[in-house]
Amino acid sequence: MKRRPIIEPFRIKVTEPIRMTTPAERRRILEAAHYNLFSVRADDVIIDLLTDSGTGAMSAEQWAAMMRGDESYAGAKSFFRFQDAVQGLTGMPFVFPTHQGRAAERILCSVVPLQGKVVLSNGLFDTTRANVEAGGARGIDLSLADALTAHRPFGGDMDLEAFDRAMEAHRDRIAFVVMTATNNTVGGQAVSLGNLTAVSERCRKAGVMLVLDACRFAENAYRIQQDEPAYQKRPLPEIARAMFDLADAFTMSAKKDAIVNMGGILAVRDEALAENLRVDLIRTEGFPSYGGLAGRDLEALAQGLHEVLDESYLEYRFAASGYLARSLIEAGFPVVTPAAAHAVYVDAGAALPHLGPGDLPGQSLACAMYLAGGVRTCEIGELMFGEHGPARQLVRFALPRRVYTQSHVDYVGAVAFDVAEVKAKLPALRITRGRGVRLRHFVAEMAPVSPFPFE
Ligand code: F0G
């Protein structure tokens, strides 16, 4: 029998046109945007792989659920559906909606005492780190030293030896531990349940709270099912539950694995902590039964949490990213593997050895993808983190959920092929404005030191 492709497990009911642009137009657009892709209008992008956050397509069931949104200020029916969905999935008793992931982080970080403390993690996402630091604590990443180059199934794991040493060294100064699954800062790689269990056991023994950053819990659960022998063939909801069972709290950006355009979740087991969080939530986000969201948002979120654990959806999702990774490798770009579901990360430093980190090779490659084919990606390297960041110069090709088809991915692969042909001629970029600004990648202005090799 002929091998059958893994297909998108959905049909398209609503479409959104893509405006085609010419190379000449894109040159003008990028120059006017000062070579910062965050300053390019979405309408000037052909394939937008900037982020998988909030960019997914909702299902017919999610849109139908939105019509059932109960917009009552207090005690809305939609809140109870949201609460049931989250409690049913995670077993966490105290559940709060927030307007997005970073709001959940901010509330947690303003309630848990942080001054003079440390937060240990397998990899803090930038907003989590910023919230931890705003509270006066230091965030310490203990990701595996060779996470980006070893090509092993669970590159997102915590380095347990480094973790043991840090637990010992900081002992009474640990505010909490964060496990980010999947681990966005090391190529979006998954965390094994074995590693999560080991971290959880150590935390419980030491009486330290373990917080799960659960943005992409479903994609992580699927990797566990595929690659961790003890959990093969186990149902995904069971694996997801095992992940949440190991944590004392979780924050989540629902813009990822709840497949909604806006929303977040904060949940904890401890009642006294929940009471304090509730007070902060009311002061900053909204009443606890809506927390910065509309009733209809809560409905779509509850439905999304159910849909995301569908095996054929996750199988297709990994097939799409794996396919993109293979196209990029064939084009000649080194890629972090196994590819995450939400994105493929290209090692621009290795692809463009004629450029040092200060020449912003990642941004040069990202600009080249835009100029050559209107593909928008995101630099994750020197521009984003400055000299304090991780040593690698990456470009993230993020895949919005249920938005692009295989022919779109083929198009990206073809553009990458064209860029690969001239990669030795891609120019360095210099920051002309906004160098020292915090989160400078959003606002910095840049210029190439010589023209890009596209006519
Ligand atoms: N944690 C992780 C691991 C994330 O990837 C993000 C967002 C957040 C927390 C914050 O959530 O955006 O809802 O406030 N990541 C996006 C990205 C922005 O492009 O990776 P948020």
Side-chain angles (χ1 to χ4, degrees), residues 37-38 42 48-56 96-109 119 121-134 139 141 143 147 155-156 158 176-191 196 211-220 223 243 247 249-267 284-285 291-293 297 300-301 304-305 321 336 340-345 362 366 376-381 383-385 389-390 394-401 403 439 441-442:
L37 292 157
F38 285 95
D48 205 346
L49 308 184
L50 188 66
T51 179
D52 65 312
S53 181
T55 52
F96 304 105
T98 61
H99 83 274
Q100 63 181 91
R102 67 198 68 183
E105 296 159 8
R106 180 184 49 70
I107 292 168
L108 186 70
C109 288
V119 170
S121 176
N122 63 332
L124 293 169
F125 181 69
D126 5 344
T127 57
T128 325
R129 174 177 295 281
N131 276 306
V132 160
E133 288 174 359
D141 281 356
S143 46
M158 177 91 92
F176 51 85
V177 171
V178 178
M179 286 295 276
T180 310
T182 57
N183 194 343
N184 202 354
T185 53
V186 291
Q189 296 187 78
V191 176
L196 201 53
V211 181
L212 190 65
D213 177 339
C215 295
R216 299 180 180 89
F217 76 95
E219 298 180 351
N220 201 98
R223 278 258 73 95
M243 291 168 61
F250 77 88
T251 57
M252 176 170 170
S253 168
K255 300 167 74 171
K256 283 83 168 174
D257 273 351
I259 327 187
V260 289
N261 304 115
M262 192 52 71
I265 309 172
L266 172 60
T284 59
E285 285 282 285
L293 294 172
D297 296 332
L301 202 167
L305 283 178
S321 69
V336 178
H342 84 279
V344 178
Y345 293 70
R376 174 154 68 173
T377 55
C378 185
E379 192 262 11
I380 301 192
L383 175 62
M384 186 177 275
F385 297 114
L394 303 177
V395 176
R396 185 176 78 171
F397 291 58
L399 291 166
R401 292 168 182 75
V403 169
L439 301 174
H441 58 291
F442 291 126

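Ligands are counted one by one from 1 in listed order, and the atoms in each one are counted from 1 as well. Keep in mind that the numbers below use all heavy atoms, side chains included, and drop hydrogens, waters and symmetry copies.
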Inset, instruction - Can you measure from CD (Q189) to CG (N220) and round to the nearest 0.5 angstrom? - result: 11.0 Å
Inset, instruction - Specify side chain, backbone, both or neither for H342, according to which of its non-hydrogen atoms lie closer than 4.0 Å to ligand 1. - result: neither
Inset, instruction - Report the residue from T127, T128, T251 that forms a side chain to side chain contact (heavy atoms under 4.5 Å, CB included) with R102. - result: T127
Inset, instruction - May I ask you to list the atoms of ligand 1 that are less than 4.0 angstrom from any heavy atom of T180? - result: 3 (C)
Inset, instruction - Using distance alone, determine whether R396 and ligand 1 share an N or O pair under 3.5 Å. - result: yes
Inset, instruction - Decide yes or no for H342 and E219: does some side-chain heavy atom of the first lie under 4.5 Å from some side-chain heavy atom of the second? - result: yes
Inset, instruction - Among all protein heavy atoms, pick the one closest to atom 5 (O) of ligand 1 and tell me residue, atom and distance. - result: N184 ND2, 2.8 Å
Inset, instruction - Using a strict 4.0 Å cut-off to heavy atoms of T51, name the atoms of ligand 1 that fall inside it. - result: 17 (C), 19 (O)
Inset, instruction - Could you find the nearest protein heavy atom to atom 13 (O) of ligand 1 and give me its residue, atom name and distance? - result: S253 OG, 2.6 Å
Inset, instruction - Would you mind finding which of T251, N183, I380, D213 brings a heavy atom closest to atom 3 (C) of ligand 1? - result: D213
Legend entry - Option set E105, R216, K255, R102, criterion heavy-atom distance to atom 9 (C) of ligand 1, minimum: E105
Inset, instruction - Would you mind listing which atoms of ligand 1 come within a distance below 4.0 Å of any non-hydrogen atom of G101? - result: 11 (O), 13 (O), 14 (O), 21 (P)
Legend entry - Expected output: side-chain N261 to main-chain G54 donor-acceptor under 3.5 Å: yes
Inset, instruction - For atom 8 (C) of ligand 1, find the nearest protein heavy atom and state the residue, atom name and distance (0.1 Å precision). - result: F125 CD2, 3.3 Å
Inset, instruction - Applying side chain to side chain contact (heavy atoms under 4.5 Å, CB included), run through T284 and R106 and close with a yes or a no. - result: CA-CA 10 Å; T284 59; R106 180 184 49 70; 3.4 Å; yes
Inset, instruction - For atom 21 (P) of ligand 1, grab the closest protein heavy atom and report residue, atom and distance to one decimal in Å. - result: Q100 NE2, 3.3 Å
Inset, instruction - Give a yes/no verdict on whether any heavy atom in G264 is under 4.0 Å from an atom of ligand 1. - result: no
Inset, instruction - Starting from atom 16 (C) of ligand 1, find the nearest protein heavy-atom neighbour and note its residue, name and distance. - result: K256 NZ, 3.3 Å
Inset, instruction - Starting at CG of D126, measure out to CD of E133 and round the result to the nearest 0.5 Å. - result: 10.5 Å
Inset, instruction - With rounding to the nearest 0.5 Å, note down the distance linking CG in L394 to CD in E379. - result: 8.5 Å
Inset, instruction - Apply side chain to side chain contact (heavy atoms under 4.5 Å, CB included) to the pair M252 and D257, showing each step before the final yes or no. - result: CA-CA 9 Å; M252 176 170 170; D257 273 351; 4.2 Å; yes
Inset, instruction - Can you pull out the closest protein heavy atom to atom 10 (C) of ligand 1? Residue, atom name and distance to 0.1 Å, please. - result: T127 OG1, 3.5 Å
Inset, instruction - Ignoring hydrogens and angles, tell me if any N or O in the side chain of T98 forms a donor-acceptor pair with the backbone of Q100 under 3.5 Å. - result: yes
Inset, instruction - For L301 and I265, run side chain to side chain contact (heavy atoms under 4.5 Å, CB included): C-alpha distance rounded to whole Å, both residues' side-chain angles, the deciding distance at 0.1 Å, then the answer. - result: CA-CA 10 Å; L301 202 167; I265 309 172; 3.9 Å; yes
Legend entry - Atoms of ligand 1 close to C215 [distance to a heavy atom under 4.0 angstrom, numbered from 1]: 1 (N), 2 (C), 3 (C), 4 (C), 9 (C)
